[in-house]
Amino acid sequence: MAQLLVVEDNPDILHLIWTQMRARGHQVLGAASGPEALAAVELWGPPQVAVLDVAMPSMDGLELLQQLRATTGMQELPAIFLSARVDRETVEAAHRLGAAYLAKPFMEEILYAAIEAALTSGYEGIWTAIEAAKHRPPSP
């Protein structure tokens with residue numbers, strides 16, 4: 001069981017990810033904004049993986065990841081961005097931060113594979129896991 005930080009300003013998507021990852025045995029800190037996420041991490045401690053929306057009011061996910069890494073002292077905090085915004089500039093910015101990028105809508109199996117890979121093998125393993133999950137039949 002790992003501690004995940006999920007930050008998503010859409011309450012339905014936040015609830016969906018929270019529910020799916022809890023069902024798979026993870027502890028999930030959910031937040032609807034960057035400032036709320038920083039407060040949750042201060043209270044509950046640093047996560048092992050961050051799953052972040054990119055486009056959020058007051059602080060985007062890219063800025064949030066930079067602040068999380070600075071405040072938690074975890075320069076290598078594995079992160080997975082989820083976003084409907086799939087422009088080259090944003091995706092490249094995420095990759096420069098050493099984070100994976102999944103487009104919304106996303107498949108639960110692919111997100112779960114990315115999280116598990118981040119926990120075991122970091123950024124490089126995420127891409128291998130994502131590709132493998134794309135070719136696996138969905139679980140029942």
Side-chain angles (χ1 to χ4, degrees):
M1 176 170 81
Q3 181 164 288
L4 310 177
L5 173 65
V6 178
V7 186
E8 169 62 60
D9 62 339
N10 180 316
D12 293 332
I13 295 173
L14 177 60
H15 180 74
L16 175 69
I17 297 169
W18 187 88
T19 302
Q20 290 172 340
M21 295 306 120
R22 297 257 318 164
R24 291 180 180 259
H26 294 298
Q27 180 182 21
V28 182
L29 301 175
S33 69
E36 189 178 311
L38 292 171
V41 168
E42 187 175 321
L43 183 63
W44 297 101
Q48 291 169 278
V49 177
V51 178
L52 311 171
D53 187 9
V54 173
M56 296 184 291
S58 77
M59 178 188 302
D60 71 24
L62 300 166
E63 181 183 348
L64 174 58
L65 179 57
Q66 291 171 334
Q67 287 196 26
L68 281 169
R69 286 179 171 167
T71 59
T72 64
M74 295 180 62
Q75 282 302 106
E76 300 300 316
L77 174 65
I80 301 160
F81 286 106
L82 294 175
S83 184
R85 192 161 93 189
V86 191
D87 60 274
R88 179 184 299 256
E89 182 180 315
T90 305
V91 173
E92 287 176 354
H95 289 218
R96 281 192 301 275
L97 289 172
Y101 202 98
L102 297 176
K104 291 178 188 174
F106 61 92
M107 292 175 53
E108 175 188 355
E109 293 296 323
I110 293 174
L111 176 58
Y112 181 70
I115 289 169
E116 292 303 306
L119 289 167
T120 59
S121 54
Y123 176 70
E124 293 303 322
I126 293 174
W127 293 111
T128 304
I130 289 171
E131 286 306 311
K134 286 179 182 177
H135 303 290
R136 224 179 292 142
S139 60

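Numbers here are sequence positions counted from 1. If you're wondering where the values come from, they're calculated on a predicted model, not measured in any experiment.
Of the inter-residue distances, the one linking Leu38 atom CG with Leu43 atom CG reads 12.5 Å to the nearest 0.5 angstrom. For the atom pair CG of Leu97 and CG of Leu62, the computed distance is 6.0 Å after rounding to the nearest 0.5 Å. Distance CZ/Arg69 to CG/Leu64: 10.5 Å, rounded to 0.5 Å. Atom OG1 of Thr71 is separated from atom CG of Leu77 by 9.5 Å, given to the nearest 0.5 angstrom. In this structure, the separation between CD1 on Ile80 and OH on Tyr101 is 13.5 Å, given to the nearest 0.5 Å. To the nearest 0.5 Å, atoms CG (Leu111) and CG (Leu16) are separated by 9.0 Å.
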With a cut-off of 3.5 Å and sequence neighbours excluded, list every side-chain donor-acceptor pair involving residues 25-35.
unit_1	atom_1	unit_2	atom_2	d
His26	ND1	Ala2	N	3.2
His26	NE2	Glu116	OE2	2.7
Ser33	OG	Glu36	N	3.2

TODO: Show your reasoning for whether side chain to side chain contact (heavy atoms under 4.5 Å, CB included) applies to Val51 and Leu4.
DONE: CA-CA 7 Å; Val51 178; Leu4 310 177; 5.5 Å; no

Open item on the list: Would Thr90 and Phe81 count as a side chain to side chain contact (heavy atoms under 4.5 Å, CB included) here? Give the steps.
Closed with: CA-CA 10 Å; Thr90 305; Phe81 286 106; over 6 Å; no

- [ ] Mind running salt bridge (Lys or Arg N to Asp or Glu O under 4.0 Å) on Glu109 and Arg24 for me, showing each step along the way?
- [x] CA-CA 11 Å; Glu109 293 296 323; Arg24 291 180 180 259; 2.9 Å; yes

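Contact detail for Asp53 and Lys104: the closest heavy-atom pair is OD1-NZ, 3.4 Å. A pairwise comparison of heavy atoms in Ile13 and Phe106 identifies CG2-CE2, 4.2 Å as the closest pair. Scanning both residues, Val41 and Pro46, for their nearest heavy atoms gives CG1-CA, 3.9 Å. Between Ala118 and Val49 the shortest heavy-atom distance is CB-CG2, 3.9 Å. The two residues Asp60 and Val54 come nearest to each other via the heavy atoms CB-O, 3.1 Å.
Heavy atoms from other residues, nucleotides or ligands lying under 6.0 Å from CD of Glu92 number more than 12.
Between Pro78 and Leu119, the closest side-chain pair of non-hydrogen atoms is not below 4.5 Å. In this structure the side chain of Met21 never reaches within 4.5 angstrom of the side chain of Val6, judged on heavy atoms.
A donor-acceptor contact shorter than 3.5 Å is absent between the side chain of Gln3 and the backbone of Gln48.
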